[in-house]
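Since the structure comes first, as structure tokens, the remarks are kept for the end.
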2 protein chains.
Amino acid sequence: MARAGLTAERVTEAAADLADAVGFENITVSALARSFGVKDASLYSHVRNLRDLRERVALLAAGELADRIAAAVAGRAGKEAMVAFANAYRNYALAHPGRYAATQAVQLDPAALARSTVYARTIELTHAMLRAYRLAEPDLTDAGRLLRSAFHGYITLEANGGFSHSRAVQRSWERALDGLHLLLENWPAESPPHTADGERT
Amino acid sequence: MARAGLTAERVTEAAADLADAVGFENITVSALARSFGVKDASLYSHVRNLRDLRERVALLAAGELADRIAAAVAGRAGKEAMVAFANAYRNYALAHPGRYAATQAVQLDPAALARSTVYARTIELTHAMLRAYRLAEPDLTDAGRLLRSAFHGYITLEANGGFSHSRAVQRSWERALDGLHLLLENWPAESPPHTADGERT
DNA sequence: TACCTTTGCCTAGATGTATTAGGCAAACAC
DNA sequence: GTGTTTGCCTAATACATCTAGGCAAAGGTA
């Protein structure tokens with residue numbers, strides 16, 4: 001009986017492909033084992049358990065996404081960099097829905113976070129992309145958070161069918177980027193805190 | 001043996017509470033049955049299956065959320081309405097993480113969508129909240145999509161620990177709302193479509 | 001070549017979950 | 001009080017995660 005030649009990396013990549021095909025929430029050790037033609041128990045030599053597998057897929061995807069973004073923003077600045085960042089982000093998420101879901105759905109424990117630098121890298125990339133807008137802290141953090149929120153939210157809603165089909169999403173997306181660019185160029189000065197509604201009860 | 005007095009509504013609400021406690025992805029028919037002190041099979045008289053149960057929770061939560069938003073924007077306009085909408089949205093999501101996740105995680109089939117009006121209601125509320133900004137279509141749709149994306153994205157990232165703890169999220173959120181208000185007041189005129197990067201390959 | 005250690009994959013089994021079929025008895029209508 | 005509905009049950013099937021322990025192939029060492 002020839003061996004299948006499994007490694008943790010190969011298993012993780014197959015799991016990521018499976019996630020893209022059937023959705024991140026629907027990956028199972030059983031299905032993964034079937035795709036390799038081995039028994040379920042065999043995978044547990046390479047991966048601690050299902051949770052560990054999902055974490056690995058999340059880190060793999062976060063790394064890939066950061067790579068795409070880094071390549072997109074390299075050599076660009078200002079609006080060009082912002083648009084390139086946004087499109088790299090969106091294109092990856094739409095092309096690899098399972099992988100992208102993994103980057104969000106997994107609650108990483110601090111240990112796993114420390115082991116990897118991907119998330120710090122993403123934040124650095126965001127700040128680099130924003131550099132031309134000349135924002136000083138804490139505006140830089142605030143603007144970065146809003147941008148990532150807008151990208152992430154737009155893509156999740158789009159992928160989940162949250163936008164009715166009356167208007168083409170592509171065109172709408174471009175207008176959103178135009179708007180965000182304008183906002184970054186005119187980031188408002190600090191104002192007094194809001195009233196009671198904003199404080200949770 | 002006294003009966004537990006189950007109905008579809010009671011089961012759905014218990015499932016929603018369970019979701020808030022343990023996460024929407026972790027609700028199981030078994031756990032739900034245990035919480036009622038009945039056997040698993042008993043629940044299948046009230047709910048078709050797990051998928052049906054999750055759909056019901058999603059619709060329940062979407063309705064509650066719409067109610068909160070409606071109450072918040074009533075009698076307000078302009079920035080006040082926008083901020084009230086945003087805070088109602090965020091406060092609900094943070095107070096009821098499982099319910100909120102349900103509104104996003106469930107892929108509703110067209111049949112279920114037709115049965116309920118909640119999603120249409122949410123879009124109407126968005127448009128009503130934007131009224132004072134005097135946007136005409138298609139800008140209204142585009143701005144509405146961006147706003148919902150920003151709210152949703154911000155809240156998901158916040159709830160998943162996507163923001164490092166260097167700056168208080170509450171203050172950051174208020175600045176984001178200031179920024180979005182400014183953007184809505186200065187929504188940019190239509191510009192020519194973007195270049196190749198924005199078109200998916 | 002023969003040995004030995006590692007390691008990849010196996011069988012077997014415990015446990016937990018979703019789901020269906022069919023039954024009994026409480027609650028209710030009259 | 002009889003009949004019908006309905007709420008919850010037992011029993012059984014299928015499939016998932018995960019552990020323990022075993023055998024045999026790969027690869028290094030003599």
Distances for protein N/O vs nucleotides 18-20 of chain D N/O pairs under 3.5 angstrom?
{"from": "D/dC18", "atom 1": "OP2", "to": "A/Tyr44", "atom 2": "OH", "distance (Å)": "3.4"}
{"from": "D/dC18", "atom 1": "OP2", "to": "A/Leu50", "atom 2": "N", "distance (Å)": "2.7"}

Gap between atoms CZ and P, on A/Arg10 and C/dG8 respectively (whole Å): 11 Å
Contact under 4.0 Å: A/His46 side-chain N or O vs C/dC9 OP1/OP2: yes
Between P of C/dT17 and CG of B/Leu18, the distance in whole Å: 11 Å
Rounded distance in Å - CG (B/Asn26) to P (D/dT17): 14 Å
B/Thr117 (side chain) donor-acceptor with B/Ala120 (main chain) under 3.5 angstrom: no
Under-4.0 Å salt bridge between B/Arg171 and A/Asp142: no
A/Ala143 versus A/Leu135, closest heavy-atom pair with distance: CB-CD1, 3.6 Å
Touch class at under 4.0 angstrom, heavy-atom based, for B/Ser45 against every strand present: base
N-O pairing of B/Asp67 and B/Arg121 below 4.0 Å: yes
A/Ser172 side-chain N/O to A/Ala168 backbone N/O, donor-acceptor pair under 3.5 Å: no
Aromatic ring pairing B/Tyr100/B/Tyr89, orientation class (parallel under 30°, perpendicular over 60°, tilted between): perpendicular
Any B/Tyr133 side-chain heavy atom under 4.5 Å of B/Met82 side chain: yes
Evaluation steps, side chain to side chain contact (heavy atoms under 4.5 Å, CB included), between A/Trp187 and B/Arg175: CA-CA 9 Å; A/Trp187 190 258; B/Arg175 300 305 314 283; 3.7 Å; yes
Value in whole Å for how far the P atom of C/dT17 lies from CG of B/Leu53: 15 Å
Anything under 3.5 Å between a protein N or O and an N or O of nucleotides 14-16 of chain C, put it in a table, one pair a line.
none

Could you list the donor-acceptor pairs under 3.5 angstrom formed by side chains in residues 47-66 of chain B, with sequence neighbours left out?
{"from": "B/Asn49", "atom 1": "OD1", "to": "B/Arg51", "atom 2": "N", "distance (Å)": "3.2"}
{"from": "B/Asn49", "atom 1": "OD1", "to": "B/Asp52", "atom 2": "N", "distance (Å)": "2.9"}
{"from": "B/Arg51", "atom 1": "NH2", "to": "B/Gln107", "atom 2": "O", "distance (Å)": "3.3"}
{"from": "B/Asp52", "atom 1": "OD2", "to": "B/Arg48", "atom 2": "N", "distance (Å)": "2.9"}
{"from": "B/Asp52", "atom 1": "OD2", "to": "B/Arg56", "atom 2": "NE", "distance (Å)": "3.2"}
{"from": "B/Glu64", "atom 1": "OE1", "to": "B/Tyr92", "atom 2": "OH", "distance (Å)": "2.6"}
{"from": "B/Glu64", "atom 1": "OE1", "to": "B/Arg99", "atom 2": "NE", "distance (Å)": "3.1"}

Value in whole Å for how far the C1' atom of D/dC9 lies from CG of B/Leu6: 13 Å
A/Ser42 vs C/dC10: side-chain N/O to OP1/OP2 distance below 4.0 Å: yes
Spacing of A/Lys39 atom NZ relative to D/dT17 atom P, expressed in whole Å: 14 Å
